[in-house]
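One structure is given below, encoded as structure tokens.
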Number of protein chains: 2
Amino acid sequence: MLATMRPERADAARNRAKVLEAAAAIFAAKDPRAVTMDDIAKAAGVGRGTLYRRYPDVASIAVALLDEHEQRLQHDLLQGPPPLGPGAPPAERLAAFYAAMVDLLEAHGDLALATEVGGRRFEIGAYGFWRAHVMSLLREAEIATPEALADALLAPLAPDVFAHQRAQGLSPSAIKSALARLAAVLSRP
Amino acid sequence: MLATMRPERADAARNRAKVLEAAAAIFAAKDPRAVTMDDIAKAAGVGRGTLYRRYPDVASIAVALLDEHEQRLQHDLLQGPPPLGPGAPPAERLAAFYAAMVDLLEAHGDLALATEVGGRRFEIGAYGFWRAHVMSLLREAEIATPEALADALLAPLAPDVFAHQRAQGLSPSAIKSALARLAAVLSRP
DNA sequence: ATCAAAGCGGACACGATGTCCACTTACTTG
DNA sequence: CAAGTAAGTGGACATCGTGTCCGCTTTGAT
């Protein structure tokens with residue numbers, strides 16, 4: 001029997017909005033890895049219990065915020081124009097994906113960092129999606145055993161790696177260049 | 001004026017040994033990321049204050065244990081025989097380094113994971129050493145701007161990445177193969 | 001044997017987590 | 001529109017880990 005999911009109540013919707021808005025501000029304002037459930041509850045003007053009703057931890061709030069921004073990229077990877085979308089050779093598509101991810105990290109690195117708390121970055125968020133994408137590129141490039149390589153190719157996009165590079169003074173474009181070179185592994189044998 | 005560092009007192013040395021031994025056992029026994037200062041103090045039979053006297057946090061205890069095992073590799077990279085040490089072409093040296101790191105992670109992945117708590121894996125431990133090594137390989141390969149690429153090439157060796165790959169059922173040798181392919185970026189443009 | 005200082009360890013204050021439940025609010029139904 | 005009810009709220013509570021502090025003990029030099 002299908003659950004005919006009742007629509008969200010008005011006050012619930014109002015609070016969800018307040019929470020997300022406040023959370024976005026806080027992640028931007030202070031070290032995203034140090035943000036606490038209490039910080040967000042206080043800033044949003046709701047009780048902690050209300051927060052826990054929808055989100056099990058801070059990371060999942062950051063994921064909720066980040067998802068919005070990742071949607072467009074996910075769409076473009078599947079159906080957008082080349083080189084991001086289908087049509088271009090795998091190496092070029094990978095490079096384009098890298099560049100897009102760098103832009104995303106540059107714009108929302110704070111949220112990305114916040115998703116890392118607890119150390120389970122492979123289970124939450126969009127990691128599975130990115131991995132599936134890279135896997136398909138690897139298969140298209142006729143690489144024998146793509147599993148391990150997919151994770152290795154995604155590792156440089158870890159939020160903390162990007163943050164570390166930026167903190168060192170490396171520019172987004174410098175990072176893109178480096179990743180473009182990495183993407184070349186899909187070209188030749 | 002040079003500090004003529006007095007030698008470590010007998011009871012201090014005894015306790016240091018007890019602590020390291022107990023810590024090694026605990027990191028191996030339970031989730032290394034969940035190990036607490038208290039766990040180690042209890043197991044070692046010392047007070048928490050004693051622990052804090054030498055180690056500021058759990059990660060630094062794991063680093064102390066890991067250092068021992070990393071010493072040999074660090075030595076071989078600098079002065080050992082090729083392809084690990086000097087003499088072989090950069091791409092092969094990088095592949096050899098990757099393979100050695102995989103062996104190290106396979107043997108002491110628990111300690112490596114424990115060094116990651118708090119999320120500052122770039123400041124503690126041997127990251128600086130590995131990075132310097134890769135940087136020198138990149139320069140030898142005459143790569144224009146090695147900074148960003150060095151971090152990208154090291155990212156797949158992050159303990160959590162390795163742990164995730166192993167948990168997925170990927171074998172150490174499969175991971176080595178993937179990394180060997182990555183190392184080829186140093187060959188020919 | 002004495003003593004200063006190095007080392008020890010547990011108590012303490014604090015901050016974050018996650019749960020629980022009495023109360024309030026929004027929607028539905030008669 | 002009144003009343004019922006289920007969803008939603010929020011703060012109190014218990015628990016746990018952290019890091020510090022300080023009176024006591026041990027060590028080794030004199």
Side-chain angles (χ1 to χ4, degrees), chain A residues 1-23 26-27 29-64 113-120 123-124, chain B residues 3-23 26-27 29-64 113-120 123-124:
Chain A
M1 125 179 151
L2 284 173
T4 52
M5 188 88 125
R6 217 171 286 208
E8 190 177 46
R9 239 172 63 172
D11 54 347
R14 207 179 322 129
N15 276 341
R16 144 176 284 119
K18 279 200 296 181
V19 163
L20 290 179
E21 189 180 1
I26 293 188
F27 285 133
K30 52 180 287 192
D31 176 9
R33 293 198 275 235
V35 171
T36 175
M37 286 297 251
D38 220 80
D39 292 336
I40 299 176
K42 286 277 205 322
V46 304
R48 285 160 38 76
T50 306
L51 223 50
Y52 278 106
R53 161 164 286 267
R54 254 185 294 272
Y55 307 103
D57 49 40
V58 240
S60 68
I61 300 180
V63 167
L113 272 180
T115 63
E116 282 199 316
V117 298
R120 20 201 288 284
E123 294 146 52
I124 67 178
Chain B
T4 53
M5 188 88 128
R6 214 171 288 210
E8 190 177 44
R9 240 172 63 173
D11 54 347
R14 208 180 319 131
N15 276 340
R16 144 177 282 120
K18 279 200 298 182
V19 163
L20 290 179
E21 189 180 1
I26 293 187
F27 285 133
K30 53 180 288 192
D31 176 8
R33 292 199 277 234
V35 171
T36 174
M37 286 296 252
D38 221 80
D39 292 337
I40 300 176
K42 286 277 205 321
V46 304
R48 286 159 39 77
T50 306
L51 223 51
Y52 277 105
R53 162 165 286 268
R54 254 186 292 274
Y55 307 103
D57 49 39
V58 242
S60 68
I61 299 180
V63 167
L113 272 181
T115 64
E116 282 199 318
V117 297
R120 20 201 287 285
E123 293 145 54
I124 68 179

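Convention: sequence-line order gives letters A, B, ...; per-chain numbering from 1.
Considering only heavy atoms from C-beta on, A/Arg120 comes within 4.5 Å of A/Asp57 through its side chain.
Close to C/dG9, at under 4.0 Å from its OP1 or OP2, lies a side-chain N or O of B/Thr50. Between B/Asn15 and C/dG7, a side-chain N or O to OP1/OP2 separation shorter than 4.0 Å is absent. Listed pair B/Arg53 / C/dG7 meets the phosphate criterion, a side-chain N or O lying under 4.0 Å from OP1 or OP2. Close to D/dT26, at under 4.0 Å from its OP1 or OP2, lies no side-chain N or O of B/Arg14.
Atom OH of B/Tyr55 is separated from atom C1' of C/dG7 by 14 Å (rounded to the nearest Å). A straight line from CD1 of B/Ile61 to C1' of D/dG19 spans 13 Å, rounded to a whole angstrom. Taking atom NZ on B/Lys18 and atom C1' on C/dG7, their separation rounds to 13 Å, with Å as the unit. Taking atom CZ on B/Arg9 and atom C1' on C/dA6, their separation rounds to 4 Å, with Å as the unit.
Between A/Val19 and A/Val46, the closest heavy-atom pair is CG2-CG2, 4.2 Å. In this structure, B/Tyr55 and B/Met37 approach most closely via the heavy-atom pair O-CE, 3.4 Å. The two atoms that bring B/Leu51 and B/Ala41 nearest to each other are CD2-N, 3.8 Å, heavy atoms only.
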Under 3.5 Å, which protein N or O atoms sit close to an N or O of nucleotides 14-18 of chain C? Give each pair with its distance.
residue : atom : partner : partner atom : Å
C/dA16  : O3'  : A/Thr36 : OG1          : 3.4
C/dT17  : OP2  : A/Thr36 : OG1          : 2.4
C/dT17  : OP2  : A/Met37 : N            : 3.4
C/dG18  : OP2  : A/Tyr52 : OH           : 3.3
C/dG18  : N7   : A/Arg48 : NH2          : 2.3
C/dG18  : O6   : A/Arg48 : NH2          : 2.7

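Backbone-only engagement by B/Arg54 is indicated by non-hydrogen atom pairs under 4.0 Å involving sugar-phosphate atoms exclusively.
Sparse packing is recorded around NZ of A/Lys42, with 12 or fewer heavy atoms of other residues, nucleotides or ligands lying under 6.0 Å away.
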**Message:** For B/Phe27 and B/Ile40: C-alpha separation, side-chain torsions, deciding distance, then whether side-chain contact (heavy atoms from CB on, under 4.5 Å) applies.
**Reply:** CA-CA 9 Å; B/Phe27 285 133; B/Ile40 300 176; 4.3 Å; yes

